[in-house]
*Asks:* 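Supplied in structure tokens, the structure appears directly below.
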Amino acid sequence: NKRKIDVLGLKNNQYTIVEIKRAAWHSALGEIQGYFHCFLREWKTNAPVKTMIVTDLEMPDMREITNLDDTELIVV
């Protein structure tokens, strides 16, 4: 069972791991943390790596929790 990152971006020598979820809830944050740690283990990069969740609906407490985790939350 292989994990799959939804989107992996590279801009200005910085990677961004993106999780795309409808009505993202706390489980999306757990998923992106898992992807982040697996990415660091498997890619062995010195470039900065950030995380981002893209969702259509901001659920209660998600902004506060993602800010604490330094994960960007984008609502479209």
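Being a predicted model, the structure only gives us computed values, none of them experimental. Numbers here are sequence positions counted from 1.
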*Asks:* Apply side chain to side chain donor-acceptor pair (under 3.5 Å) to the pair T66 and T71, showing each step before the final yes or no.
*Replies:* CA-CA 5 Å; T66 55; T71 294; over 6 Å; no
*Asks:* When rounded to the nearest 0.5 angstrom, what is the spacing between NZ in K21 and CE in M62?
*Replies:*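 Going from NZ on K21 over to CE on M62, the span is 10.5 Å.
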*Asks:* List the steps and the verdict of side-chain contact (heavy atoms from CB on, under 4.5 Å) for V75 and L57.
*Replies:* CA-CA 6 Å; V75 181; L57 181 63; 5.9 Å; no
*Asks:* Is the backbone N or O of I20 less than 3.5 Å from a side-chain atom of D6, with the two atoms forming a donor-acceptor pair by type?
*Replies:*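 Side chain of D6 to backbone of I20: a pair is present.
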*Asks:* Are W25 and V18 connected into the same hydrophobic cluster when the rule is that any two of I, L, V, M, F, W, Y join if their side-chain heavy atoms are below 4.5 Å apart?
*Replies:*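 Not linked; separate clusters.
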*Asks:* Using the salt bridge (charged side-chain N to carboxylate O under 4.0 Å, His left out) rule, collect all pairs that involve residues 66-75, keeping only residues at least two apart or in two chains.
*Replies:*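 Every pair satisfying salt bridge (charged side-chain N to carboxylate O under 4.0 Å, His left out) with a residue in residues 66-75: K50-E72.
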*Asks:* Could you measure the distance from the SG atom of C38 to the CD atom of Q33? Nearest 0.5 Å is fine.
*Replies:*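 C38 SG to Q33 CD: 12.0 Å, rounded to 0.5 Å.
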*Asks:* Taking only residues at least two apart or on different chains, which pairs with a member in residues 45-68 satisfy ring pair (Phe, Tyr, Trp, His ring centres under 6.0 Å)?
*Replies:*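 Listed once each, the pairs would be none.
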*Asks:* State, to 0.1 Å, how close T45 and Y15 come at their nearest heavy-atom pair, and which atoms those are.
*Replies:*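 So the two residues come closest at OG1-CE1, 3.7 Å.
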*Asks:* Any chain of hydrophobic side-chain contacts (each under 4.5 Å) joining F36 to L10?
*Replies:*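 Yes: a chain of side-chain contacts under 4.5 Å links F36 to L10.
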*Asks:* Please report the closest heavy-atom contact between A24 and M59, naming both atoms and the distance.
*Replies:*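 Nearest heavy atoms, A24 then M59: O-CG, 3.0 Å.
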*Asks:* By salt bridge (charged side-chain N to carboxylate O under 4.0 Å, His left out), which residues pair with R41, not counting sequence neighbours?
*Replies:*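 In terms of salt bridge (charged side-chain N to carboxylate O under 4.0 Å, His left out), with neighbours along the sequence ignored, R41 is linked to no residue.
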*Asks:* Show the numbers, then the answer: is there a side-chain contact (heavy atoms from CB on, under 4.5 Å) between L73 and E58?
*Replies:* CA-CA 9 Å; L73 180 65; E58 186 173 326; 4.0 Å; yes
*Asks:* Find the distance between CH2 (W43) and CD1 (I17) and round it off to the nearest 0.5 Å.
*Replies:*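 Those atoms lie 9.5 Å apart.
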*Asks:* Without swapping roles, check the side chain of T55 against the backbone of A23 for a donor-acceptor pair under 3.5 Å.
*Replies:*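 Confirmed, T55 side chain pairs with A23 backbone.
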*Asks:* According to a 4.5 Å side-chain heavy-atom criterion applied to Ile, Leu, Val, Met, Phe, Trp and Tyr, with indirect links allowed, do I53 and L8 form part of one hydrophobic cluster?
*Replies:*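 The answer is yes; both residues are in one hydrophobic cluster.
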*Asks:* Minimum heavy-atom separation for V7 and I5, please, with both atom names.
*Replies:*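 The answer is O-CG2, 3.1 Å.
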*Asks:* Give me the atom names and distance for the closest heavy-atom approach of H26 to P60.
*Replies:*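 Minimum heavy-atom separation between H26 and P60: NE2-O, 4.1 Å.
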*Asks:* Could you tell me which non-hydrogen atom of M52 sits nearest to which non-hydrogen atom of I32, and how far apart they are?
*Replies:*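 Minimum heavy-atom contact is O-CD1, 3.1 Å.
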